[in-house]
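Index from 1, following the sequence.
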Amino acid sequence: MLQPRIPVNPLPTGKPIPLPQSTSDVEPAAPAPAPMPVVPARTAVQLTPGSALALAAGGGAVVLVVGAVLVSMLLAVAITGVSVALIAVVLRLLVRDMQKGR
């Protein structure tokens with residue numbers, strides 16, 4: 001009664017084989033699912049001369065902005081380094097003068 005009924009198919013064809021209906025208490029098979037809708041392939045992006053020019057101009061602007069930010073950061077680090085070096089020289093001179101007793 002609770003034993004599974006497995007159909008035997010020596011050569012698979014892709015078609016389902018119905019189970020034998022030996023008793024009347026077997027429920028009817030569920031209907032086959034609807035086929036999946038066909039999705040069209042994506043189309044390639046076509047650039048017009050105007051959009052290609054706008055894309056190139058936008059890319060150039062991004063490069064210029066990023067370059068300006070990096071140069072300003074480098075300049076800030078260089079100025080900070082020079083100011084720290086000058087402070088070190090001044091402090092060294094002050095300490096030397098204090099040790100000599102002037």
R92: which residues meet the side-chain contact (heavy atoms from CB on, under 4.5 Å) condition with it, sequence neighbours left out?
R96

Restricting to side-chain contact (heavy atoms from CB on, under 4.5 Å), what partner residues turn up for V63, sequence neighbours left out?
none

Please identify each residue that fulfils side chain to side chain donor-acceptor pair (under 3.5 Å) with T48, with sequence neighbours left out.
S51

Between V95 and I87, is there shared hydrophobic-cluster membership here, with clusters defined by ILVMFWY side-chain heavy atoms closer than 4.5 Å?
no

Does the pair V77 and M73 meet the rule for a side-chain contact (heavy atoms from CB on, under 4.5 Å), with working shown?
CA-CA 6 Å; V77 169; M73 289 171 59; 5.7 Å; no

Can you see which heavy atom on A76 is nearest to which on T80, and at what distance?
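Minimum heavy-atom contact is O-OG1, 2.8 Å.
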
Give, for atom CG of L86 and atom CG of L91, the distance between the pair rounded to the nearest 0.5 Å.
11.0 Å

